[in-house]
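As the structure is a computational prediction, the values presented were derived from the model and not from experiment.
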Amino acid sequence: MNNYQMYRQITSPGWTLGWTWAKKEVIWSIVGAQATDQGDCKEFPSDIPHSCDKNPRIIDMQPGVPYSQQFQNCCKGGILSSMGQDPANSIAAFQLSVGNSGNTYSTVSPPRNFSLLGPAQGYTCSPVSLVPSSVSLTSGGHRKTRALMTWQLVCTYSQLRASKTPTCCVSMSSFYNSEITPCPSCACGCMNNEACVKTQSTISQIEGDVPMKQCTQHMCPIRVHWHVKKNYNAYWRVRIAITNFGYNVNYTKWTLVAQHPNLNNVAEVNSFIYKPLHVYGSINDTGMFYGVEKLKNDVVLEAGSNGSVYSEMILKKDRNIFTLNHGWAFPRKVYFNGDECIMPLPVSYPSLPNSVIRVSNIGRLVIIQVVVAILYQSL
């Protein structure tokens, strides 16, 4: 499995790959992964297969399993990094021995109805297609061998399919305006409709490892705050903070993507790693941020005193486009772990002291927000 998504990884508890056998196939053995259910193997009383399930579900092995159970690019606990963040760990592989399948082109049939959990139900898989046989190197890399048949399928991700509500929101502030623009109210749900933790004293009432959210006006598990901190002669400075409002949920190897026209000239990023993403060919206005393991900010810990990470970024000005007017200094879009975050209305962005906005325009924008929210909830 190759994760070609540039900034969406598959996180713990990891991926689950499933399919339906075309006939009465069984999995005799498997290395690098395991089936979650052995199934009904009463037809094999002496030599029992690994799985006789008609609809097997395969999961990754945990790190540290015996060498005899390992396979190349396996055993990461089901975690697949994104291609943009860590290409070497964006691959997973396992090998299985199948019985009752035939051994010729005319007798072997491909599985069907593939499914992928990653770990949520956000992926939809295509039918299997026959592609040129894959080639493997043997004898120390001196000999090529070809598979009898090779099949391929593509699984695509949908944020709406993965979650009924958004999972993150954006708040804003600036050095030139004392007011903070919060996340939109009910951006990810409303307190009246969801169970949440109201005070620090009620945390102990959470049973086991059940994920819970802190009660907030936005009810998002993750908030991204963008603060315009300084304006220099040739540069300007931004502070980015990511806060986790979830209990019993940590975000390991997280990614943050922002879209802004001045990301084409980033001078310095402190404490985060930054990579430009050329999403639209030659247009360089999108970039990805992620944490550094040595600085211990590659994990956003659960809600509390340690539940946030932050960085500061210095950008070089382009005199032709730079301005602090009309919210230009704030991002156009923000994504956390590949999911798009809910932005405040542009009319509410921190404005310069002499900025004036007509009340009639505010009314029209608020109406638009309400309509969009209703459409989103109905999907």
Side-chain angles (χ1 to χ4, degrees), residues 1-5 9-80 89-131 133-134 136 147-158 161-163 208-209:
M1 287 191 293
N2 295 80
N3 183 12
Y4 290 113
Q5 299 172 109
Q9 72 274 52
I10 293 179
T11 58
S12 180
W15 55 263
T16 300
L17 182 67
W19 62 80
T20 300
W21 289 118
K23 296 181 288 187
K24 295 183 178 181
E25 293 89 340
V26 297
I27 301 175
W28 279 114
S29 62
I30 186 171
V31 290
Q34 60 183 340
T36 59
D37 191 346
Q38 187 183 53
D40 185 1
C41 295
K42 61 184 177 183
E43 295 183 14
F44 307 90
S46 56
D47 192 6
I48 302 176
H50 176 80
S51 176
C52 304
D53 197 343
K54 178 73 173 178
N55 303 287
R57 298 293 178 264
I58 308 299
I59 59 174
D60 197 9
M61 304 287 281
Q62 296 298 317
V65 298
Y67 183 77
S68 60
Q69 300 177 29
Q70 295 183 25
F71 192 72
Q72 184 179 10
N73 293 313
C74 84
C75 313
K76 305 168 188 174
I79 296 175
L80 275 183
N89 287 309
S90 65
I91 305 171
F94 57 89
Q95 179 175 280
L96 46 84
S97 176
V98 181
N100 295 344
S101 62
N103 53 15
T104 65
Y105 282 103
S106 60
T107 58
V108 175
S109 300
R112 56 181 184 269
N113 299 331
F114 273 85
S115 63
L116 176 65
L117 302 180
Q121 297 181 353
Y123 289 90
T124 302
C125 297
S126 69
V128 170
S129 60
L130 183 65
V131 296
S133 296
S134 55
S136 302
L148 175 66
M149 300 175 72
T150 298
W151 305 306
Q152 181 175 286
L153 63 138
V154 176
C155 299
T156 55
Y157 178 84
S158 167
R161 180 177 169 83
S163 176
D209 297 328

Minimum-distance pair of heavy atoms, taken over all atoms of [X] and [Y]:
{"X": "Ile27", "Y": "Pro49", "value": "O-CB, 3.4 Å"}
{"X": "Phe114", "Y": "Leu17", "value": "CD2-CD1, 4.1 Å"}
{"X": "Val108", "Y": "Gly102", "value": "CG2-O, 3.4 Å"}
{"X": "Ala22", "Y": "Pro110", "value": "CB-O, 3.7 Å"}
{"X": "Gly77", "Y": "Pro63", "value": "N-CD, 3.8 Å"}

Is any side-chain heavy atom of [X] less than 4.5 Å from a side-chain heavy atom of [Y]?
{"X": "Cys155", "Y": "Leu153", "result": "yes"}
{"X": "Cys52", "Y": "Asp40", "result": "no"}
{"X": "Met149", "Y": "Leu130", "result": "yes"}
{"X": "Val65", "Y": "Gln70", "result": "yes"}
{"X": "Val128", "Y": "Arg112", "result": "no"}
{"X": "Ser115", "Y": "Arg57", "result": "yes"}
{"X": "Cys125", "Y": "Trp19", "result": "no"}

State the [atom1]-[atom2] distance between [X] and [Y], to the nearest 0.5 angstrom.
{"X": "Ile58", "Y": "Thr16", "atom1": "CD1", "atom2": "OG1", "answer": "9.5 Å"}
{"X": "Tyr157", "Y": "Gln5", "atom1": "OH", "atom2": "CD", "answer": "8.0 Å"}
{"X": "Leu80", "Y": "Asn3", "atom1": "CG", "atom2": "CG", "answer": "5.5 Å"}
{"X": "Ser29", "Y": "His50", "atom1": "OG", "atom2": "NE2", "answer": "9.0 Å"}
{"X": "Asn55", "Y": "Trp21", "atom1": "CG", "atom2": "CH2", "answer": "11.0 Å"}
{"X": "Leu96", "Y": "Gln34", "atom1": "CG", "atom2": "CD", "answer": "13.0 Å"}

Is the Trp28 ring parallel, tilted or perpendicular to the Phe44 ring (thresholds 30°, 60°)? perpendicular
Other residues, nucleotides, ligands: >12 heavy atoms within 6.0 Å of Gln72 CD: no
Surrounding NZ of Lys23 (heavy atoms of other residues, nucleotides or ligands, distance under 6.0 Å), is the total greater than 12? yes
I would like to know whether Ile10 and Tyr123 meet side-chain contact (heavy atoms from CB on, under 4.5 Å); could you show each step before the answer? CA-CA 11 Å; Ile10 293 179; Tyr123 289 90; 3.9 Å; yes
Can you tell me if [X] uses its side chain to pair, donor with acceptor, with the backbone of [Y] under 3.5 Å?
{"X": "Asn73", "Y": "Ala93", "result": "no"}
{"X": "Ser126", "Y": "Val154", "result": "yes"}
{"X": "Ser51", "Y": "Asp37", "result": "yes"}
{"X": "Lys76", "Y": "Ile91", "result": "yes"}

Which residues share a salt bridge (Lys or Arg N to Asp or Glu O under 4.0 Å) with Asp47, sequence neighbours left out: none
Asp60/Phe94 under side-chain contact (heavy atoms from CB on, under 4.5 Å): CA gap, chis, key distance, verdict: CA-CA 8 Å; Asp60 197 9; Phe94 57 89; over 6 Å; no
